[in-house]
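Computation of the quantities below employed the complete heavy-atom set of this structure, encompassing side-chain atoms and omitting hydrogens, waters and symmetry-equivalent molecules.
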Amino acid sequence: TAPTTSMPSSSPSTALTTSIPSLSPSMTPTTSMPSLSPSMTPSTPMPSSNPNCTECPENSKCALSSFESPNSFEADGFFFICLCKEGYTGDGWRCEETNECITEFPCPSIEAGGFCVDTDPDDREFPFYKCGCLDGYKADDIDEHGATSCIIITGVPST
């Protein structure tokens, strides 16, 4: 039999009786969650061509998530969030290009004879930014982004 609970009602002469059903083992609530293989751990970026996740906008990528994560959404039994791609900042839904020349100062300073040009993160020649040297200076050392240091060119006649 199910347990009963007596509660006082608004009238002192009557009692309210509520029947509470008991759960049998076969009635235990279950939640079916997809299992993650070791290669699909939370926050592992999924390829943008993954058929499970097509909701993320341009300049962002899908990442596996959990249902508790803010802004997560479900697609084919998996939970995802959108994250901005490298070179972009935002909440995953609105991603704007990061200007590394302002945020990171990666190139020689103007005082050291250098300059920085922000480029598209997808630029094949100089992704994110390009460094150079001002007139009267030359690159002393270079890397994949251009000049890492500039030196004054000596012996150049002034005009």
Side-chain angles (χ1 to χ4, degrees), residues 20-159:
I20 303 171
S22 60
L23 292 177
S24 68
S26 64
M27 295 175 58
T28 304
T30 59
T31 303
S32 176
M33 293 292 293
S35 61
L36 298 177
S37 68
S39 64
M40 296 175 61
T41 56
S43 298
T44 300
M46 299 293 289
S48 59
S49 62
N50 184 303
N52 292 330
C53 182
T54 57
E55 286 84 0
C56 293
E58 186 179 9
N59 302 331
S60 68
K61 60 187 174 196
C62 291
L64 279 174
S65 183
S66 69
F67 67 92
E68 297 108 2
S69 182
N71 300 321
S72 68
F73 57 92
E74 185 179 3
D76 294 330
F78 293 95
F79 289 90
F80 296 94
I81 57 172
C82 296
L83 300 174
C84 294
K85 291 180 181 176
E86 185 179 7
Y88 295 89
T89 58
D91 63 5
W93 293 100
R94 291 176 301 273
C95 300
E96 296 181 10
E97 186 179 338
T98 304
N99 185 337
E100 290 82 7
C101 294
I102 293 173
T103 61
E104 298 177 23
F105 309 105
C107 300
S109 67
I110 291 176
E111 296 79 21
F115 65 87
C116 183
V117 176
D118 187 55
T119 61
D120 188 278
D122 298 319
D123 184 284
R124 292 190 186 276
E125 186 178 9
F126 293 101
F128 308 109
Y129 61 93
K130 178 181 179 182
C131 300
C133 296
L134 298 170
D135 287 340
Y137 292 83
K138 68 177 182 176
D140 187 33
D141 196 14
I142 59 170
D143 66 10
E144 68 274 7
H145 295 285
T148 59
S149 63
C150 300
I151 57 172
I152 295 176
I153 300 171
T154 57
V156 177
S158 56
T159 55

Taking every non-hydrogen atom, the tightest pair across [X] and [Y]:
X: Y88; Y: T98; result: C-OG1, 3.5 Å
X: C82; Y: F73; result: SG-CE2, 3.8 Å
X: F128; Y: P121; result: CE2-CB, 3.6 Å
X: K61; Y: K85; result: N-CG, 4.4 Å
X: C101; Y: D118; result: SG-N, 3.5 Å

Practice problem: Decide, based on the SG atoms alone, whether C56 and C62 are under 2.5 Å apart. | Solution: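 No, no disulfide: SG-SG not under 2.5 Å.
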Self-check item: Distance SG-SG for C84, C95 less than 2.5 Å
Solution: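 Correct, these two cysteines form a disulfide.
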Self-check item: Distance (rounded to the nearest 0.5 Å) between D122 CG and N59 CG
Solution: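 These two atoms lie 7.5 Å from each other.
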Quiz item: Just how far is it from atom CD1 of I110 to atom SG of C116, taken to the nearest 0.5 Å?
Solution: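 Here the rounded value is 10.0 Å.
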Practice problem: Quick one: which residue pairs count as a side-chain hydrogen bond (donor to acceptor under 3.5 Å, both in side chains) with a foot in residues 124-147, not counting sequence neighbours? | Solution: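 For residues 124-147, and leaving out neighbouring residues, there are no side-chain hydrogen bond (donor to acceptor under 3.5 Å, both in side chains) pairs at all.
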Practice problem: Report, as yes or no, whether the 6.0 Å neighbourhood of atom CD on E86 holds more than 12 heavy atoms from other residues, nucleotides or ligands. | Solution: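 Open: at most 12 neighbouring heavy atoms sit under 6.0 Å from CD of E86.
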Exercise. Measure from the side-chain N and O atoms of S60 to the backbone N and O of G92, and report whether any donor-acceptor pair falls under 3.5 Å.
Key: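 Yes; at least one donor-acceptor contact below 3.5 Å.
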Self-check item: Side-chain heavy atoms of C107 within contact of F115, under 4.5 Å
Solution: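 No, their side chains stay 4.5 Å or more apart.
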Exercise. Apply the side chain to side chain contact (heavy atoms under 4.5 Å, CB included) test between C150 and each candidate in S109, P108, C131; give the one that qualifies.
Key: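 Passing option: P108.
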Quiz item: Which residue pairs pass the salt bridge (Lys or Arg N to Asp or Glu O under 4.0 Å) test with at least one member in residues 92-101, sequence neighbours excluded?
Solution: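 Salt bridge (Lys or Arg N to Asp or Glu O under 4.0 Å) check on residues 92-101 returns D91-R94.
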